[in-house]
Amino acid sequence: MPTILGQNQYGKAENRVVKITRDGDTHHIKDLNVSVALSGDMEEVHYSGSNANVLPTDTTKNTVYAFAKEYGIESAEQFGIHLARHFVTSQEPIKTARIRIEEYAWERIETSDANSKFIGADAVKHSFVRKGQETRLTQITFDGEKWEVISGLKDLVVMNSTNAEFWGYIKDKYTTLQEAYDRILATQVSGRWRFNWTGDEQKMPNWEKSYGQVKKHMLQAFAETYSLSLQQTLYQMGSRIINNRSEIDEVRFSLPNKHHFLVDLKPFGLENDNEVYFAADRPYGLIEATILRDGCEPHIPVDLTNL
């Protein structure tokens, strides 16, 4: 045979599942986009077309919805762990399961006072508006023995309107950028962090609390760092997470620099004292780096495009 089969996987991608938990009149929402990828003894289906070792992707879809009912969705991570464990332990040909989940957050709509002629604020605990800050992410991989949990977020847009500079850089004959001693620093955060929980014998992290705390430390570091470069800010964001969250050993960020350029108002007889900017969408500087706990090896892929 002149060719051999390399890495392969299959599954059902982007299963949209919304779970409503009804606590009396108070409702709670978990809104997920779940992708399942399975690998193992799958040579024959590629070589001869035999489906003897294939769990249909339609079955994986059904499992997602059934598990939402059977186990509920305490967190994206916990739900992914339930799914990964099931696929690997229930089907002998399947050796590894990778579950990727995007979570879309909702918050309650604040209603008018309880004297409303309609329902009344005290009775309205079932109305929500989608949060627009970020999309929460997690990827769970299980090979029957070892777990890897990488969580994160994307599309979190942040800005400092001052306390940022950029100067002292290399200049050559193609350099036109002027040094800035008071600039806007803005970025759209894409970040991932890897947990050091790898086995069932370890205490499992509190996934919901961990996410909230990671985001808090990330944002505080962004706000509190007097930035001389976006690289410096990125490192402070990752360091703050690792120094405050013992369950995390590795953080990787991809930060596009959302440039804001001062508009030249002199043709109109006006001075622009750091007040009016042009927000450029492209091209943009792209700053990426991994921050590790000392003594740990990196596992998060350098390219976050498909993670």
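Remember, predicted model here, so these are calculated numbers, not experimental data.
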Review point. So I73 and E103, side chain to side chain contact (heavy atoms under 4.5 Å, CB included) or not? Walk me through it.
Key: CA-CA 11 Å; I73 303 176; E103 179 175 348; over 6 Å; no
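- Put simply, L292 and I241 are part of two different groups of oily side chains (I, L, V, M, F, W, Y) that touch within less than 4.5 Å, one to the next.
- Partner of L255 under the side chain to side chain contact (heavy atoms under 4.5 Å, CB included) criterion, out of T233, V158, L230: L230 alone.
- Shortest non-hydrogen contact noted between S229 and R183 is CA-NH2, 4.2 Å.
- When every heavy atom of I101 is checked against every heavy atom of A76, the shortest pair comes out as CD1-O, 3.3 Å.
- Dense packing is recorded around CD of Q232, with more than 12 heavy atoms of other residues, nucleotides or ligands lying under 6.0 Å away.
- Remark: the T59 side chain and the N62 side chain contain no N/O donor-acceptor pair separated by less than 3.5 Å.
- One hydrophobic cluster holds both Y235 and L156 under the rule that ILVMFWY side chains link at heavy-atom gaps under 4.5 Å.
- Taking NZ from K209 and OG from S75, the interatomic distance works out to 14.5 Å, rounded to the nearest 0.5 Å.
- A 4.5 Å side-chain heavy-atom check between E43 and N8 finds every atom pair outside the cut-off.
- Across Y47 and L5, no two heavy atoms sit closer than the pair OH-N, 3.1 Å.
- You'll find the side chain of N206 stays beyond 4.5 Å of the side chain of Q213, heavy atoms only.
- Looking only at distances, no side-chain donor or acceptor of R194 sits under 3.5 Å from a matching main-chain atom of I300.
- Heavy-atom neighbours of D294 CG from other residues, nucleotides or ligands within 6.0 Å: at or below the threshold of 12.
- Residues F261 and A280 approach most closely at CE1-CB, 3.9 Å, considering heavy atoms.
- Side-chain contact between V45 and S50: absent, with no pair of heavy atoms (C-beta onward) separated by less than 4.5 Å.
- Side chain of Y277 to backbone of H259: no donor-acceptor contact under 3.5 angstrom is found.
- Panel note: side chain N53, backbone D41; a donor-acceptor pair is recorded below 3.5 Å.
- In this structure, I140 and G80 approach most closely via the heavy-atom pair CD1-CA, 3.8 Å.
- Linking Ile, Leu, Val, Met, Phe, Trp and Tyr whenever their side-chain heavy atoms come within less than 4.5 Å puts F87 and Y65 in one cluster.
- Other residues, nucleotides and ligands contribute more than 12 heavy atoms inside 6.0 Å of the CD atom of E70.
- In terms of modelled atom types and a separation under 3.5 Å, the side chain of D143 and the main chain of K146 share a donor-acceptor contact.
- Taking the charged nitrogens against the carboxylate oxygens, E77 and R136 do have a contact shorter than 4.0 Å, which makes a salt bridge.
- No side-chain heavy atom of I81 sits less than 4.5 Å from a side-chain heavy atom of I99.
- T96 is not listed as a side-chain neighbour of V88, based on a closest heavy-atom distance of 4.5 Å or more.
- Taking CD1 of I248 as the reference point, atom OG of S151 lies at 8.0 Å (rounded to 0.5 Å).
- Side chains of I287 and F253 form no contact here, defined as non-hydrogen atoms less than 4.5 Å apart.
- By the 30° and 60° cut-offs, the orientation of the rings of F195 relative to W207 is perpendicular.
- Linking Ile, Leu, Val, Met, Phe, Trp and Tyr residues whenever their side-chain heavy atoms come within less than 4.5 Å leaves L228 and Y169 in two separate clusters.
- Judged by distance alone, with hydrogens and angles left aside, the side-chain atoms of R100 form no donor-acceptor pair with the main-chain N or O of A13 at under 3.5 Å.
- With sequence neighbours left out, Y226 forms a ring pair (Phe, Tyr, Trp, His ring centres under 6.0 Å) with no residue at all.
- Each of T135, L137, V189 was scored for a side chain to side chain contact (heavy atoms under 4.5 Å, CB included) with L153, with one residue passing: V189.
- Residues E179 and K171 are in side-chain contact: their nearest non-hydrogen atoms beyond the backbone lie under 4.5 Å apart.
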Practice item. Decide side chain to side chain contact (heavy atoms under 4.5 Å, CB included) for Y104 and R16; before the verdict, give the C-alpha distance in whole Å, the side-chain angles of both, and the deciding distance to 0.1 Å. Key: CA-CA 11 Å; Y104 312 114; R16 292 287 281 107; 3.8 Å; yes
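- In this view, H260 satisfies the ring pair (Phe, Tyr, Trp, His ring centres under 6.0 Å) rule with no residue, not counting sequence neighbours.
- The environment of CD in E275 is crowded: more than 12 heavy-atom neighbours from other residues, nucleotides or ligands sit within 6.0 Å.
- Taken to the nearest 0.5 Å, the OH atom of Y10 stands 4.5 Å off from the CD1 atom of I94.
- With respect to R192 and E148, no salt bridge is recorded, no charged nitrogen being found less than 4.0 Å from a carboxylate O.
- Using a distance-only test at 3.5 Å, with no hydrogens or angles considered, no donor-acceptor pair links the side chain of D249 to the main chain of R293.
- Each of L32 and W106 belongs to its own hydrophobic cluster when Ile, Leu, Val, Met, Phe, Trp and Tyr are linked at side-chain heavy-atom distances under 4.5 angstrom.
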Practice item. Take F67 and H82, measure what ring-ring contact (aromatic ring centres under 6.0 Å, His included) needs, and give me the verdict at the end. Key: CA-CA 8 Å; F67 273 37; H82 283 310; 7.0 Å; no
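- Taking CE of M204 as the reference point, atom CD of Q202 lies at 10.0 Å (rounded to 0.5 Å).
- Within the model, atoms CD of E297 and CD of E250 stand 9.5 Å from one another, a figure rounded to the nearest 0.5 Å.
- Annotation: the span from Y284 atom OH to T187 atom OG1 amounts to 10.0 Å, rounded to 0.5 Å.
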Point to revise | Criterion side chain to side chain contact (heavy atoms under 4.5 Å, CB included) on Q188 and D155, from CA distance to verdict | key: CA-CA 5 Å; Q188 184 170 313; D155 300 331; 2.8 Å; yes
**Study point:** R240 and E224: CA distance, side-chain angles, deciding distance, side chain to side chain contact (heavy atoms under 4.5 Å, CB included) verdict
**Key:** CA-CA 11 Å; R240 186 82 68 97; E224 295 169 8; 3.1 Å; yes
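- A donor-acceptor contact shorter than 3.5 Å links the side chain of N196 to the backbone of S246.
- With hydrogens and angles ignored, the 3.5 Å screen pairs a side-chain donor or acceptor of N160 with a backbone N or O of F222.
- For N272 (side chain) and V263 (main-chain N/O), a donor-acceptor pair under 3.5 Å exists by modelled atom type.
- For S35 (side chain) and E14 (main-chain N/O), a donor-acceptor pair under 3.5 Å exists by modelled atom type.
- No option in T141, T198, D200 other than D200 meets the side chain to side chain donor-acceptor pair (under 3.5 Å) test with W147.
- L286 and S254 get closest at one heavy-atom pair: CD1-OG, 3.6 Å.
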